[in-house]
K.L.:
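The structure under discussion is supplied below as C-alpha cells; questions concerning it will follow.
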Amino acid sequence: MRDAGSGIVRRRTVALIGNPNAGKTTVFNALTGLRQKIGNYSGVTVEMKEGKLTLEEGGHATLLDLPGTYSLSPNAPDERIATEIILGQSPHASRPDLVVCVVDANNLERNLYLVSQLLDLEIPLIVALTMTDVAAREGLRVDHRGLARELGVPVIPMVASRGEGVGALIKAIEATRSAPGKPRQWPLPDPFRRECEELVGMLRERHGLSEPVAFHEALGLITRDGPLNGADERFAPEILAHVVKDHRKLDFLGINRQTVAVESRYLWITAICGRVAPHPARTGASISDRLDRILTHRVWGPALFFALMAIMFQAIFSWAEIPMEWIAGVFDTAGREITKMMPAGDLRDLIVSGALGGVAAVVTFLPQILFLFFFLGILEDTGYMARAAFIMDRLMSKVGLHGKSFIPLLSSFACAIPGIMATRTIEHPRDRLATMLVAPLMGCSARLPVYALLIAACIPPVAVFGFLSLQALTLFAMYLLGLAAALAMAWIFKNSLLRTPPPVFIMELPSYKVPSVKSILLQMGERALVFLRKAGTIILGASIILWFLASYPKLDHATPSDQLQYSFAGRAGRAIEPLIRPLGFDWKIGVGLVTSLLQREMFVSTMGTIYNIQGSQDKAGSVSLKERLQADIDPATGKQLFTPLTGICLMIYYVFAMQCLSTVAIMKRETNSWKWPLFQLAYMTALAYLVTFVVYRAGTILGLGG
Amino acid sequence: MPTMDYAASMTLSEAPLGAPVRIHHLRARPEVSKRLRELGLCEDAVVSCIMKGHGNIICALRNTRIGLDRHLAGSILVSSDE
C-alpha cells in the first residue's frame, strides 16, 4: 500500500485461515511460491508460516498461514494461536489487515461455520473456495456469485493445485480494503439476545473492546459451561459476576445456552447452502468409503498397518544398501587419494581419519533416511495417516491417550522435534504433555545410523521366512521396542502424574488421494539438505575436535591402540568405564555415548574417528567401519568386543536414552519451563541404564555373551 | 425443534451401516459436545455410519468423514431419518 504523498510503502498483513484439510497450505504455496510441507491430516500446520505475496500493482504483502481451525472458540493450542491473531490479541503478530478464509467446496456447510464467525468480527474478508474440481467431479456445483451475494464478501473459486484462481485471488486481496457492511444475519432467540447485548455494552465500557470483538467475547462467556476459570484473568470481576447471573437466568428459562448459537448459525448456513449449492442425490459409497471398509476394518486394518510397517523397515534396510555402498565407495576413494597425495603426518591424519572418517560414517546413512521420509511422505500424502490414528485409537485408549496422539508419535519416527510440535493439535494439556514426554522414545531417524551400524557389525545376515532378513527384523524390533516403551510410559504417566477424564477421539478423515510425487520429493530434498548441512557443520567440527582429543597427547613409539588409550578421549572414556562396564560397554563405546549426548548419530562418527585412528596402521580407509568393529578384541576378556549381545545392549540403550540436545531445547520451548525437559532427560536415561543392565545380565547368564 | 420420538431412538454406534439417521441429542461432556457441533455433528444433522470396528465408527456427514471413538458414538442419540 502506498501512502499518498509520502511514497512510503506500508506492507499489509493478510492472514490465511481455514478448516484443517481445506487446502489452506496449497493456497499459501500458490500465493507465495514458498516451498513448505503439505500434509493431508489434521493439523500439519502446527507452526505459523509467513510468506511474501507479490502484488500485481507492485509492492508486497505479508501472508500469514494460520493453523487450521474449525472455529474461533479454540479447543486446542494450535486453534488458540489462530484465534488470538484474528482477534488482535496475540503477542506474536499484529491484527491482520485482511483475512482470507479458505473454504473447501466439498464441505461447504462446516466451512461456512468459521466464515460466519469471521463475519461477526467485521474484518475485511475474502472467501477462497477451493477444490472446486473435486466438487464438480462429485456432481456438486457451488454458485460462487450467489454465495458472494449471500455473504457480502468476495468469493474466489480456485483449484489451487493447478494455479487456477490465484490471479483472481491476488486481485481481490488488492481490491478488498473494508469489512462487509452486512449486519449479522443469523438470529438469536430473544432473552439470549438481550443478555448478550447487555454484556456487549459492559465489555465495551469496561474493557474498551470494539463492538464486534465484544460480541465475540460475550457469546463465548454466555455459552461457556461450568466455572469461568481461564476467562478470569482477562475480564473484570463484575463482568464475570454478571455472566454468572446470565447463566442462571437463561438456564431457568430452559434455553440451552450451549446449542442455541451453534444451531442458529447452522440454520442460516443450511439455508444458504440450499440456495447456492443444491446437493446431488447420493450415489452410494465413494471409492474412499470402500477403501475405508478394508483399511479401517477391525481385523484387516491393524494387520495391513503392521504389514506396511514391516515392508517399510525391510526397504530401509535392504533396498538402501546399494546407494549406501556407492557413497561409502566415494569416501573410500577420496580417503585413499588424499593419503597418496599428502605426506604422512598429523595434517593428513586430521583430514583422513578425523574429518573424512567422521563425516563419511554419518553421510553413508543418507539413503536410509531418504527411504524413511519417502514412506512417511506417502502415508501422509495419501490420507492414510489419519486412518492409522483411527486404527490405533483402540490401542492408544488402553494407555489413556487417544488416536490423535498417534500422529505425533508416528512423526517422531522421523524426528521427535516435529513430533513434539505436532502435539499442539491435542486438546487436553495433560494428554499433550504425556504425548510429548514419550515422543522421543519413538525410533527417530538419528537412531537409524546407530542401529544400522550395530546391526551390520553384530547381527548375522541370515534370512528368516525366506524373504525377510534377520537384520531387517532386528531393526523392526528396535522400532517396535521404542513404540512399546512409549506406550508403557504413557500409561504410567497417565495413571500417575497426568490423570484426566478418559480422552475422546474425534477426527476428520480426509478422502484418499493419489500422493503428489512432487511434494514428497521436495520434502525428501529438504530433509537431505538438513542432514547434509548437519554433517558438514556440527558433525565435521565435532569430528575434528574428537580427532584431536583422540590423538593427543602423543605417546612415542606406541601402538595405535596404546596411543588411543593415552589420549584425552581415551582417558575420559576410561574414567566413565566403571559406570558402563555393568552394561557390557568398554571405554571406546563410552566415548561414543558421551559425544552422542549432543545428537545420536554422533556415535557413528565417533566410532568412525576412533577406529580410524586405531586402525591407521593398516591400509587406511580400505577396511569398513563395520569390519573394524567386528575385528576389535576386548583386552579385558580377550574376546570379540562387538558380540550380538553387545550390539543388542547398545541398541537398547539408544532406544531408551534421550541423546538429543535439540529435543531438550524444543521441550523447554513448548512447555515453557525447564521442569519437564529435565524430568524427561532423567527418566529416559535412568530407564536406558536399567533396561540395558537387565538385558546384559540376562544375556550373560544365558551364555550369549561369548 | 421437531418432536422427538425417544422410543425410536438409538445411539450412533447402534445405527445400521449406511442408513441415514438424524441426530437429536448429544449426551457427551459440554466441551466435547461443543466440538461435535462445530464439526457439524449438531442436533438435526443427518449422518450415516459407514464403518464400524470394535465400536469405533466412521460416520459420513455430507462429504466429510469423521472418526469417533465408541464412547462418543454411544453418547450421540439418533433416530432413523426415513
Side-chain angles (χ1 to χ4, degrees), chain A residues 19 21 70-71 73 75 104-110 113-114 134-135 138 140 223-226 256 258-259 262-263 265-267 270 273 279 282 284-286 288-289 292-293 296-299 301-302 386-387 389-391 393-394 397 402-403 427 501-511, chain B residues 1-2 4 11-13 16-77 81-82:
Chain A
N19 285 184
N21 303 317
Y70 292 108
S71 82
S73 33
N75 296 291
D104 175 2
N106 300 287
N107 294 307
L108 202 53
E109 294 190 336
R110 205 202 49 226
Y113 184 83
L114 179 62
V134 182
E138 300 263 318
L140 179 69
T223 55
R224 194 185 297 259
D225 194 77
N256 192 337
Q258 286 98 35
T259 65
V262 184
E263 276 180 7
R265 272 190 215 276
Y266 268 113
L267 273 176
T270 312
C273 288
H279 217 271
R282 273 229 148 273
S286 67
S288 204
D289 290 346
D292 268 338
R293 285 195 188 138
T296 62
H297 188 270
R298 63 199 166 99
V299 180
R387 273 71 185 185
F390 180 77
I391 296 167
D393 179 64
R394 246 176 74 79
S397 66
H402 61 47
E427 292 94 344
V504 288
F505 179 79
I506 317 172
M507 192 167 180
E508 191 189 342
L509 306 174
S511 29
Chain B
M1 199 168 270
M4 290 174 200
T11 68
L12 188 53
S13 42
L17 265 183
V21 289
R22 188 177 293 269
I23 297 178
H24 58 69
H25 190 55
L26 303 179
R27 283 191 310 197
R29 294 198 300 272
E31 72 273 17
V32 177
S33 297
K34 171 175 159 254
R35 187 87 178 152
L36 288 172
R37 289 191 185 101
E38 286 173 356
L39 275 165
L41 291 173
C42 54
E43 283 80 355
D44 255 4
V46 175
V47 298
S48 63
C49 196
I50 60 160
M51 177 69 215
K52 286 182 184 180
H54 293 297
N56 287 13
I57 63 154
I58 298 176
C59 68
L61 170 75
R62 297 265 167 136
N63 286 327
T64 317
R65 301 292 174 268
I66 299 169
L68 299 170
D69 71 56
R70 59 197 175 290
H71 300 297
L72 204 49
S75 76
I76 299 174
L77 293 183
D81 191 45
E82 279 146 341

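The analysis underlying the following values was restricted to heavy atoms, covering all of them including side chains, and did not include hydrogens, waters or symmetry mates. Note on naming: letters A, B, ... go to the chains in the order of the sequence lines (proteins, then strands), and numbering restarts at 1 for each one.
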K.L.:
Which atoms of A/F390 are under 4.5 Å from chain B, going by heavy atoms: the side chain, the backbone, both sets, or neither?
P.N.:
both
K.L.:
State which residue, out of A/T296, A/L509, A/D289, fulfils the side-chain contact (heavy atoms from CB on, under 4.5 Å) condition with B/M51.
P.N.:
A/T296
K.L.:
In chain order, what residues pass the salt bridge (Lys or Arg N to Asp or Glu O under 4.0 Å) check against A/D292, with sequence neighbours excluded?
P.N.:
A/R387
K.L.:
Where does B/L72 contact chain A at under 4.5 Å (heavy atoms): side chain, backbone, both or neither?
P.N.:
side chain
K.L.:
Can you confirm whether A/F505 sits close enough to B/H71 that some side-chain heavy atom of one is under 4.5 Å from a side-chain heavy atom of the other?
P.N.:
no
K.L.:
Before giving the answer on side-chain contact (heavy atoms from CB on, under 4.5 Å), spell out for A/Y266 and B/E43 the whole-Å C-alpha distance, their side-chain angles and the decisive distance to 0.1 Å.
P.N.:
CA-CA 10 Å; A/Y266 268 113; B/E43 283 80 355; over 6 Å; no
K.L.:
Crowded around B/R29 CZ? As in, over 12 foreign heavy atoms under 6.0 Å?
P.N.:
yes
K.L.:
Go through A/R265, A/E109, A/R394 and name the one with the most non-hydrogen pairs under 4.5 angstrom from chain B.
P.N.:
A/R394
K.L.:
Just so I understand: if I count every heavy-atom pair under 4.5 Å between each of B/G40, B/G67, B/G18 and chain A, which residue has the most?
P.N.:
B/G67
K.L.:
Evaluate side-chain contact (heavy atoms from CB on, under 4.5 Å) for B/V32 paired with A/I506, printing each intermediate quantity in order.
P.N.:
CA-CA 9 Å; B/V32 177; A/I506 317 172; 4.3 Å; yes
K.L.:
Do you see a donor-acceptor pair shorter than 3.5 Å between the side chains of B/E38 and A/S73?
P.N.:
yes
K.L.:
Check salt bridge (Lys or Arg N to Asp or Glu O under 4.0 Å) between B/R70 and all other residues, then give those that pass, not counting sequence neighbours.
P.N.:
none
K.L.:
Under a 4.5 Å cutoff for heavy-atom pairs, which residue among B/L39, B/I66, B/I50 has the most contacts with chain A?
P.N.:
B/L39
K.L.:
Apply side-chain contact (heavy atoms from CB on, under 4.5 Å) to A/E508 and B/R65, showing your working.
P.N.:
CA-CA 6 Å; A/E508 191 189 342; B/R65 301 292 174 268; over 6 Å; no
K.L.:
Contact part of A/V262 toward chain B, heavy-atom cut-off under 4.5 Å: side chain, backbone, both or neither?
P.N.:
side chain
